[in-house]
Protein chains: 2
Amino acid sequence: MSLSTGNVVQFEIASRPAACRRCDLGGICEALRRGADGARRGGAVQRGKLLFRQGELFKGLFVVRSGSVKTSTNATDGVEQVVRFHMPGEVLGLDGLCGDVYHATATALEMASFCRISSEELDQLLTRNPEAARELLGLAGRELVAEQGRLALVGQRAADARLAAFLLGLSREYARRGYSSTEFNLSMSRQDIANYLALAVETVSRLFTQFCQAGLLDVERRRVRILDIDGLRALLGGGQRQSVASS
Amino acid sequence: MSLSTGNVVQFEIASRPAACRRCDLGGICEALRRGADGARRGGAVQRGKLLFRQGELFKGLFVVRSGSVKTSTNATDGVEQVVRFHMPGEVLGLDGLCGDVYHATATALEMASFCRISSEELDQLLTRNPEAARELLGLAGRELVAEQGRLALVGQRAADARLAAFLLGLSREYARRGYSSTEFNLSMSRQDIANYLALAVETVSRLFTQFCQAGLLDVERRRVRILDIDGLRALLGGGQRQSVASS
DNA sequence: CGACAGTTTGATGGCTCTCAACTCAAGTGG
DNA sequence: CCACTTGAGTTGAGAGCCATCAAACTGTCG
């Protein structure tokens, strides 16, 4: 098994008995399974392939089952902006709920499998099951809060704090899924990380080596080992760029 | 009437006959009005007062009826981040749907009135009226898309492009509400604008004078007149900070 | 082996932050 | 009516962080 899919395989083994059990849509997936067909429908995509494309007709929500996916937007002039990295259990496509098209492109960062909840199933679900609506609204709210946090990170913190926060976030997510919180593979490229954190690739690269020299990390290509997690946390508040607002 | 409330008064006159008619919650407000009491309940706050506070128990959604409101978050170390400026008709508190507390603080930027949809009403509404759930999900989706756009703006564009985009956004919002798209009052301070755009106050101030000297704007304190809207648009793509990301 | 994309490292410059002083308007109290 | 205070906004000078340009390096793939 290759390094870059180590976490994935581990996850698939752990979750094989009950597909969609560990996703963020507890009740909804239950409802779909009781309902009938839907929940099992899904698929797999290879690294670099798209789940959906920005501007494409809304086909429903996707739930990542294994692997990892990035969503990104393209401005009219072609400038890409990475919106988010999605790990197993996370829901993609919530931004499509405000219209009939997707507002971002979802790209598999490694071999990934997913299940899909079609627009029709979604409609039925919302009609029949009010609890599902609450769950979805909760998910959307959580994403909004996450975006707000990221805005604060990018807007207020220096480069080193951003990368530290990024790594700590990954660490937490892996821990939440039962993996090592200190050793994992990055499924995304430096370019993607840089774009996500609003930095230049070279800056990200320099920070990685800088963190290594400081004894915080041990990095070899995409393999990351966190040596001093408290040292990373200490960076979080440090890199502040401007003072508090008034009024 | 003072300069800083000019737009507000105008709006109130225009929308007085049907409260909540022009808000973003068309169907929901309808349902609430049919339902019974709720929709009319609301209140008014003076400049600087809070509608709700970050960490406070979720009391329901707020809809701005007049005036303008800013939402902002505070990090653990007290650093503020402006989340958004809200104009009449916009819904506040969607980020509270993922838990039982608000995740941002809502502050009135000028005298503002609002109506409130309490948690209980919201619950009843979601249970009785599936269409309301779709509307709320649509709203949340739209906010997500807006946040993504802002992230791209802050992450990828230079300072002048950010301010230009901010002003053009305000212009569009005013136009959408039937006001002049070229002449309006800023209800927020330079500090708030700077924080919103992830810039220093001084940079915002310098850009305003720079835009004036370039013949794009006519600014006097918080009064803004757009002289060359195409010139502003030309700035949008110009200030690019880094190239496109790869796969 | 050669091509190529991804990554790293170095040198340089510039955009924007920071610090500081000043202007201006509004409010306060005598 | 005026001195004083206060806060927002503006302007200037300087420095620093980080983007940009360039080149070397590495692993992968045909």
Side-chain angles (χ1 to χ4, degrees), chain A residues 2-5 46-48 70 79-80 82 109-110 153-164 185-195 197-213 217-224 235 238-247, chain B residues 2-4 47-48 79 109-110 153-164 185-213 217-224 235 238-247:
Chain A
S2 81
L3 279 178
S4 71
T5 55
Q46 291 189 329
R47 172 197 177 96
K70 81 166 177 188
V79 179
E80 180 177 10
V82 173
L109 291 171
E110 54 192 342
L153 184 72
V154 167
Q156 311 272 10
R157 307 293 176 178
D160 55 352
R162 294 186 216 175
L163 185 60
N185 295 308
L186 301 173
S187 55
M188 65 293 287
S189 67
R190 299 282 192 273
Q191 184 76 257
D192 284 332
I193 297 175
N195 188 292
L197 298 176
L199 297 170
V201 194
E202 296 92 331
T203 304
V204 171
S205 181
R206 269 184 262 269
L207 284 171
F208 267 122
T209 62
Q210 185 181 314
F211 283 4
C212 285
Q213 289 167 355
L217 294 181
D218 187 35
V219 178
E220 192 183 336
R221 296 185 57 77
R222 294 192 173 184
R223 185 91 200 154
V224 173
L235 287 175
Q240 185 173 326
R241 295 197 321 132
Q242 56 187 55
S243 58
V244 302
S246 67
S247 91
Chain B
S2 81
L3 279 179
S4 72
R47 169 196 177 96
V79 179
L109 291 171
E110 54 192 342
L153 185 72
V154 167
Q156 311 274 10
R157 307 294 175 177
D160 55 351
R162 294 186 216 174
L163 185 61
N185 295 307
L186 301 173
S187 55
M188 66 292 287
S189 68
R190 299 283 192 272
Q191 185 75 257
D192 284 332
I193 297 174
N195 187 292
Y196 182 74
L197 298 175
L199 296 170
V201 194
E202 295 93 331
T203 303
V204 172
S205 183
R206 269 183 262 269
L207 284 171
F208 268 123
T209 62
Q210 185 181 315
F211 283 5
C212 285
Q213 288 168 355
L217 294 180
D218 187 35
V219 178
E220 193 182 335
R221 296 182 61 76
R222 293 193 173 184
R223 184 92 202 153
V224 173
L235 286 175
Q240 185 174 325
R241 297 196 319 133
Q242 56 188 53
S243 59
V244 302
S246 67
S247 74

Are any of A:Thr203's side-chain N or O atoms less than 4.0 Å away from OP1 or OP2 of D:dA19? yes

Hey, is the side chain of B:Thr209 poking within less than 4.0 Å of OP1 or OP2 on D:dT11, counting only N and O atoms?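 Answer yes for this pair, as a side-chain N or O of B:Thr209 is under 4.0 Å from OP1 or OP2.
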
For the side chain of [X], counting heavy atoms from C-beta on, which of [options] is nearest?
X: B:Ser189; options: D:dG9, C:dT7, D:dA19; result: D:dG9
X: B:Glu202; options: D:dA22, D:dG12, C:dC17; result: D:dG12
X: B:Ser205; options: C:dT16, D:dT11, D:dA19; result: D:dT11
X: B:Arg190; options: D:dG9, C:dT7, C:dC17; result: D:dG9

Nearest-angstrom distance from the residue atom [atom1] of [X] to [atom2] of [N]:
X: B:Gln156; N: D:dA19; atom1: CD; atom2: P; result: 11 Å
X: A:Leu163; N: D:dC17; atom1: CG; atom2: C1'; result: 16 Å
X: A:Gln191; N: C:dA5; atom1: CD; atom2: P; result: 13 Å
X: B:Leu235; N: C:dC15; atom1: CG; atom2: C1'; result: 15 Å
X: B:Arg162; N: C:dT16; atom1: CZ; atom2: P; result: 7 Å
X: B:Asn195; N: C:dC17; atom1: CG; atom2: P; result: 12 Å
X: A:Gln210; N: D:dC17; atom1: CD; atom2: P; result: 11 Å
X: A:Phe208; N: C:dG6; atom1: CZ; atom2: P; result: 16 Å

B:Arg222-B:Asn185 side chain donor-acceptor pair, cut-off 3.5 Å: no

Reference residue A:Leu186; test side-chain contact (heavy atoms from CB on, under 4.5 Å); the match among A:Leu109, A:Ile193, A:Asp192: A:Ile193

Cationic tip of B:Arg190 above B:Phe208 ring, under 6.0 Å, 45° of axis: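 Cation-pi check for B:Arg190 and B:Phe208: passes.
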
Please check: side-chain N/O of A:Gln191 versus main-chain N/O of A:Val201, any donor-acceptor pairing under 3.5 Å? no

Any donor-acceptor pair under 3.5 Å joining the side chain of A:Arg222 to the base of C:dG6? no

So which heavy atom on B:Val219 is nearest to which on B:Cys212, and how close? N-SG, 3.6 Å

